[in-house]
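Just below is one structure, and these are the notes that go with it.
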Amino acid sequence: MASSSKNPATKWLDLNDSQISIQTIHELLDAVHDDLWVSAACLDRLVDDTVILQALLQTGIARTERPISRAQSALHDNKDTSSSDALAFYFQEHGVDAQACRLRALLLQRLDRLETYIEMSSDEITTEDSDNTDTEELDEWEDDPWGDSAETAKPSLKPHSLPVTLSDFLLEDIVHSACLLAFHCRFDALRILLRRHSPALWPYRFYFLDSIPQYAYPAEYCHLLPSIDQSTSVETVPQPQPWRTASDWSESPSVTTVLKQLESSDSPSSSQLPVLAVPAPLSAGQLSKWYKSRMEHIMASTGMVDIALYTIQHGASHGVPSLDEIGESLSLFSRLVYDAPQGDVWDTSGDWTWSQWRSLQPSEVVRALVAHSTPEAIANDISHLVMPYLYVQESRSERAGSPDPSIHTRLLYDFILSSPLETAAALFEASKPIHPVHERPIKSEGDIVRLALACLYGSPGCNDWPTMSRIFECMPAWEFERDQENDEEATETTIASLGAYVTPTTSQPECTPPELLQFFQPLPLSSLSRALDILDVHLEGGEILARWNVPVPLRWFLQSNGDEQEQRAWAKKMARRSGAVNDKLLTEEDWDWLLSDMLKLAGKSETGVRGAFALLTKDEVQRIFFGGLLSTGEFGIAREMLHHSSNLSLSGGDIENLCIEASREYYDNASSGNYKVGEMKLAYDCLKVAPKSERIAREQDFIEATSRISSFNVMLRPGIPISPIEIRLTKDRLSLVARVLSTNTDAYKHPEVILDLVRKLGFASDVVAEVKTLAMLADAALQDGSYALAYENSERMTDMVANLRASTNVDPVLVHDASEVCWLACLQLGRHAEFDDIGLKMALVSRALELCPAEKLQDVLNVWFKLETEDIELREQRLAQRRVGVKRKRVDPETAVSSLKARLQDFHMPAPPLLSTPDAAALASRTFKSVAASFPFSVGSRGRSNSSRNTDNSQSRSRTRTGGDADVSTQASKAFARGISWLIGADEVA
């Protein structure tokens, strides 16, 4: 009852928004007589129900009609309805009508916005409903095989999905709402908003256009983008479609101006947007700048080339100038980003930016477009990606006023020359003369040949022969009349000049394919045909060399064409490195095939082009081949080929030389001297390939001698055994025998073994060497106390020298050398203090007297005299012992000398006067020392022998001798202890 007593205005104020209905509007507001209050109440209320809100606004507008009519009537009566002063005066006098006029304008604007919101919402509902399927029906037919997956996959949007609520849309600035719709890509709603409220929104068009996300596809909002009016050459101004064709009187400019002037200073001011309005249409240049700025922002923020391209294309298609070239660049860039083959998904090197693209040179663009193209697809990619770009470059050069009609071919050729051979081969195959000209990447047949020659001879690869052959098969076939003699001369001239061109120099370390193209560029077709003949031979040679593991780049054939030494070196390399191909040992048939290929390379082609080994004779090639075969150790195959191969025809001397050469190579590389294993065995077996001969036997003997020396464990230095190569390099090989005797204490006990070693070392018929060896054996036996063996070797030596001196057809120099060694060795043993057989010692010294030169006779006689004295003393002592059985007495040396003088007088040989003086022995010692000062082994005693049992007696006898005689013995012993290197030809003299 209390509520029923309230007046309508109070009831209205007590109502919630949800309680308002059309009925309550009429029941309560119609009962209120205050039009201004009702209008204000209608403006104050905002409800979500658009129908109720529409009725509410219409009610408020209707209650403003009477105040507006009064104002219009008053002004009409004054006949000055358009006068601002009269209107201002009236509103000052009738403030209620002024407020009603202001409320009417606001109510009308709100009603227009409500109608716009309803239209935008209905457009959203219509658009979404037409694209969606009923949810329940979708759930029921989820697996419907007849359903369209593309339709059912679209998400279902709820009605009223506008990003701005009704209340915000009605209360906030309409530009803010437009920006919000643009940001959320509600382009249809934004189009409706612009159409219904164009006067308020158009000045801020660029503000909300900038609010559109950069990733939005321009086709969806193309109706919002500015364009050029062709009749005025400025920006096109859209035609608005407001809800009301004519503005209300309350919205007229005069009324609006007066009302603003009458507003109190404390009234809230309208919000200002933080942007500058652009009420006037932009010029063509300004619009062009805006489109470019929009494109730059899209590329910088998203990198989506297609969106930027569509934006530019839209502007260009709607008359905006200066966009064609940038659209052209974007179109080409889009080919790189979207159409060009891409690399690995994890490879970020292909993430291009617009600034990078603009900074690329044309050649870099070409390479970038096909950077990830496969050889199978390169021709198609060149046609669809590169060629359009090249023609654009040509068109741009024409537009720039500097036409360059060859730019597209030049850039394409540069790309081919810098590409791998696989890529180039694919392009050459697509450019074969059998294809139509318009389909070929390379249209000129002459250019195909020039490019192919430049690519092939400029390639550093050594194993691309199948690809090179593919390229050669793409070349055109031309027929020219040729003079055989002149053609061969021209061919050699071409090869020589081309070889000089590709040979590295200090200024040009390597000749590149582009530089080679310059060489081939001026050549006519006839010269190019001749170059193809040369290329054919070189390709065949390259395949042959690669087949046998000695590949070379193609340019090698040009550089080595006149270099015999280089051809010989490569032929040797080919023969030696072909022991196995693909890890498979070669059979006899394979080796015969290799020889056939080497002989082919040594010949000429049918067109007169020389092969890779043409400067070598076929005999030399066969020798090189056989030497290479021997170097692989395939001696069985070598013997078989000598007897059965039709390609191999070597003389006996060549076979012998090659076998010896190969054997020596094995020998020099051997680490062990044992000829039963390793490299030394190969050296020995290699000699068996050649027929038996004296040279072959000598080589085999030397290998056997090396093996025997190694078995004696001869050391080069302490702890380092002597190697085979050091044995071969020893100038005086008898010194090796001396090393054997000096390092092996029992070696002298096997004289035949040592003598056989000497013969195998190359002294088979050298009597002097054998005499020296016997002398060394005698000395080694002497040092070890084997005096009997030493005497046997000395006797054998003296017999050999005697026979040599008796011969009439012997070189006197050899006789002299043998005699010199013999008498010194005999003297050495004959004067040895520990050798107690005086008779044998005197026999040896007598041999020394027989063989020594005249100037040394006194020295030897000194030794003889001493032995003779000792012999007399021993005889007298033995005789005295037999007579009286007492100790032996020493013989007075003066008495012995007197006896020797008497006996020499009997021989009519006067004794040298020097012998009677103490200096005679010293002189003899010096003379003897000059003759035998350097033996190759030590003569010092390495141990006391069994025969040294009489040492005490010998020492007692030596103490009774004169000082001069003792000095002679001591000095001679020291001289012999220094070795007998003089006997074996040593240059050094102690």
Side-chain angles (χ1 to χ4, degrees), residues 712 714 732-755 757-758 763 767-801 817-837 840-841 843-845 847-848 851-852 856 859-860 863 928-948 969-986 988-990:
F712 282 114
V714 175
D732 188 358
R733 292 177 182 173
L734 278 180
S735 64
L736 298 172
V737 180
R739 287 176 183 269
V740 170
L741 294 174
S742 63
T743 57
N744 292 267
T745 57
D746 294 333
Y748 73 92
K749 297 177 182 179
H750 310 282
E752 292 303 326
V753 173
I754 301 300
L755 289 172
L757 173 62
V758 172
F763 301 104
V767 178
V768 177
E770 193 166 353
V771 169
K772 291 181 179 181
T773 304
L774 290 171
M776 288 187 285
L777 287 169
D779 184 71
L782 178 63
Q783 293 183 52
D784 201 40
S786 298
Y787 302 115
L789 189 56
Y791 180 77
E792 290 178 8
N793 290 325
S794 298
E795 279 294 305
R796 185 174 178 179
M797 174 179 54
T798 54
D799 291 342
M800 189 177 296
V801 172
D817 293 342
S819 300
E820 191 79 5
V821 173
C822 187
W823 79 262
L824 285 172
C826 289
L827 182 62
Q828 165 73 357
L829 181 57
R831 60 168 294 280
H832 197 278
E834 295 183 2
F835 185 18
D836 58 357
D837 193 330
L840 296 180
K841 292 172 69 174
L844 290 172
V845 175
R847 288 285 191 171
L851 299 175
C852 73
K856 304 298 181 182
D859 300 323
V860 182
V863 179
F928 190 76
K929 180 179 179 181
S930 66
V931 176
S934 301
F935 280 83
F937 51 86
S938 174
V939 295
S941 177
R942 291 175 291 181
R944 294 178 62 88
S945 65
N946 294 330
S947 61
S948 63
S969 176
T970 302
Q971 294 297 329
S973 178
K974 290 181 180 180
F976 279 98
R978 296 177 185 177
I980 55 170
S981 59
W982 175 82
L983 289 174
I984 55 174
E988 298 178 0
V989 177

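All residue numbers in this chain count up from 1 along the given sequence.
In this structure, the separation between CG on Leu741 and CG on Leu736 is 11.0 Å, given to the nearest 0.5 Å. One finds the CG atom of Leu757 at 13.0 Å from the NE2 atom of His750 (value rounded to the nearest 0.5 Å). Interatomic distance, Leu777 CG to Ser794 OG, rounded to the nearest 0.5 Å: 10.0 Å. Taking CG of Asp859 as the start and CZ of Arg831 as the end, the distance is 11.5 Å to the nearest 0.5 Å. Taking CD from Glu820 and NZ from Lys856, the interatomic distance works out to 8.0 Å, rounded to the nearest 0.5 Å. The OH atom of Tyr748 sits 10.5 Å away from the CG atom of Leu782 when rounded to the nearest 0.5 Å.
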Check the pair Leu755 / Leu774 against side-chain contact (heavy atoms from CB on, under 4.5 Å), numbers first and verdict last. CA-CA 8 Å; Leu755 289 172; Leu774 290 171; 4.0 Å; yes
Step by step, would you call Thr798 with Cys826 a side-chain contact (heavy atoms from CB on, under 4.5 Å)? CA-CA 8 Å; Thr798 54; Cys826 289; 3.2 Å; yes
CA sep, side-chain torsions, deciding dist, call: Val860, Trp823, side-chain contact (heavy atoms from CB on, under 4.5 Å): CA-CA 9 Å; Val860 182; Trp823 79 262; 3.8 Å; yes
Kindly determine whether Tyr787 and Asp837 satisfy side chain to side chain donor-acceptor pair (under 3.5 Å), including the steps that lead there. CA-CA 9 Å; Tyr787 302 115; Asp837 193 330; over 6 Å; no
May I have the step-by-step check of side-chain contact (heavy atoms from CB on, under 4.5 Å) for Leu844 and Phe835, ending in yes or no? CA-CA 12 Å; Leu844 290 172; Phe835 185 18; 4.2 Å; yes
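Of the possible donor and acceptor atoms, none in the side chain of Lys841 sits under 3.5 Å from a partner among the backbone N and O of Asp836. The backbone N or O of Asp746 sits nowhere less than 3.5 Å from a side-chain atom of Asn744 that would complete a donor-acceptor pair.
Ion pairing between a basic and an acidic side chain is recognised when a charged N comes within 4.0 Å of a carboxylate O; Asp799 and Arg796 show no such pairing.
For the pair Val771 and Ala818, the tightest heavy-atom approach, listed with the atom from each and the gap, is CG1-O, 3.8 Å. Between Gly830 and Val845 the shortest heavy-atom distance is CA-CG2, 3.9 Å. Ile754 approaches Ala747 most closely through the heavy-atom pair CG1-O, 3.7 Å. Minimum heavy-atom separation, Val801 to Ser819: CG1-OG, 3.7 Å.
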